[in-house]
Amino acid sequence: KIIVTGALGQIGSELIGKLQNEYGENNVLSTDIRKPEHPIAGPFEVLDVTDGKKMHDLAKDFGADTIMHMAALLSATAEKNPMFAWNLNMGGLLNALEVARELNMQFFTPSSIGAFGPSTPKVNTSQDTLQRPTTMYGVNKVSGELLCDYYFSRFGIDTRGVRFPGLISYVAQPGGGTTDYAVDIYYKAIEEGKYESFIAAGTYMDMMYMPDALQAIVDLMEADPAKLVHRNAFNVTAMSFEPSQIAASIQKHIPDFTLSYNVDPARQAIADSWPDSIDPSAAVAEWGFKAQYDLDAMTADMLEKLKVKLQR
Ligand code: VAH
């Protein structure tokens with residue numbers, strides 16, 4: 001039985017459906033800081049992750065044996081409000097780890113390519129390398145990786161996690177990410193036939209389609225722990241592209257689509273501090289990570305699903 005925090009977020013909103021399919025609707029307790037606008041399947045409770053006592057009581061009463069901590073502020077939002085981001089991202093994580101320790105639960109939380117910084121080698125960034133991020137989000141992610149390793153080595157808690165690249169999905173509009181230009185572009189392609197990118201041409205970032213991200217979480221959590229050399233920060237990625245490449249992929253379906261640029265210095269600075277491409281070989285070797293969607297497969301599915309969602 002799994003309790004999920006941040007269940008209404010970009011990953012959480014699709015993760016709960018994936019978990020319900022895998023483990024049964026009533027074995028997944030969704031929580032988030034406010035009630036869902038539209039009814040969702042399965043049990044739901046309001047939870048502010050900075051309230052450790054309520055998190056403990058909800059997990060205990062539900063009989064959870066696993067916690068998936070998905071609640072966090074993303075990079076651009078965190079940079080606008082760094083102190084609030086520290087308190088929410090680190091306070092929430094510590095509460096979730098403490099609940100996992102008190103109730104001896106298996107634990108998952110995602111890290112990010114944001115855990116790398118400008119001094120990290122940028123191309124084919126290895127699993128174990130220099131991590132001096134220059135954003136509050138990145139500081140939170142590196143701290144989180146170390147804290148999760150600590151809860152494994154010090155308390156024996158079965159903590160696991162991946163470094164997600166930019167995630168692209170059509171269900172929940174992401175909030176405040178730097179990679180979210182790659183989500184916005186699909187909506188605008190259908191709504192307006194054009195997109196003005198806040199990320200500059202030539203800015204490569206790792207990306208992955210949400211179905212691959214969800215499968216990666218399930219595969220890692222189901223993996224044989226004896227095979228895990230790493231635990232809380234597996235590099236995972238499906239592709240690396242820059243804005244003109246995703247535009248070209250869209251133009252295969254919408255020939256008149258045009259891309260222009262209006263770079264946002266704040267989010268460009270964040271993007272410039274991250275790798276161009278990361279090496280997922282540890283995840284492949286230790287738990288068989290494999291992404292199914294490449295750029296063109298993702299584009300075809302995103303446009304098809306968004307045409308329905310946007311009724312175009
Ligand atoms: C962000 N989408 O942009 C998130 C993610 C790697 C990017 O961490 O902040």
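Both ligands and their constituent atoms are indexed starting at 1 by order of listing.
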task = Pick one of side chain, backbone, both or neither for how S75 approaches ligand 1, counting any non-hydrogen atom pair under 4.0 Å.
result =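 Both backbone and side chain.
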message = Heavy-atom pairs closer than 4.0 Å: do any link ligand 1 to the side chain of A76, the backbone, both, or neither?
response =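 Near ligand 1, A76 shows nothing, with every heavy atom at 4.0 Å or more.
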request  = Look only at the side chain of Q10 and the backbone of L167, and say whether a donor-acceptor pair between them is shorter than 3.5 Å.
outcome  =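 Yes, because the side chain of Q10 sits within donor-acceptor range (under 3.5 Å) of the backbone of L167.
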ask   = Distance-only, no hydrogens or angles: does the K54 side chain make a donor-acceptor pair with backbone N or O of V46 under 3.5 Å?
value =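 Side chain of K54 to backbone of V46, a donor-acceptor pair under 3.5 Å: yes, one is there.
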message = Using a 4.0 Å cut-off to any heavy atom of P165, which atoms of ligand 1 qualify?
response =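 Per the distance check, 6 (C).
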Sub-4.0 Å atoms of ligand 1 with respect to non-hydrogen atoms of I113 =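 What qualifies from ligand 1 is 6 (C).
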ask   = Of the non-hydrogen atoms in M105 and A59, which two are nearest, and what is the gap between them?
value =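 M105 and A59 have their closest heavy atoms at CE-CB, 4.1 Å.
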query = How far apart are the closest heavy atoms of S169 and M302, and which atoms are they?
reply =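 For S169 versus M302, the nearest heavy atoms are O-CE, 3.5 Å.
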key: For atom 5 (C) of ligand 1, closest protein heavy-atom neighbour   =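 Result for atom 5 (C) of ligand 1: Y137 OH, 3.8 Å.
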task = May I ask you to check if ligand 1 and T178 share an N or O to N or O distance below 3.5 Å?
result =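 In this structure, T178 places an N or O atom under 3.5 Å from an N or O of ligand 1.
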query = Among the heavy atoms of T179, does any lie under 4.0 Å from an atom of ligand 1?
reply =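 Right, T179 reaches ligand 1.
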task = Go through the structure and list residues passing side chain to side chain donor-acceptor pair (under 3.5 Å) with T237, not counting sequence neighbours.
result =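 Partners of T237 by the side chain to side chain donor-acceptor pair (under 3.5 Å) criterion, ordered by chain and then number, come out as D206.
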May I have the list of side-chain donor-acceptor pairs in residues 213-225 shorter than 3.5 Å, sequence neighbours left out?
residue : atom : partner : partner atom : Å
Q215    : OE1  : K18     : NZ           : 2.4
Q215    : NE2  : D219    : OD1          : 2.8
E222    : OE2  : Y23     : OH           : 2.4
D224    : OD1  : A226    : N            : 2.8

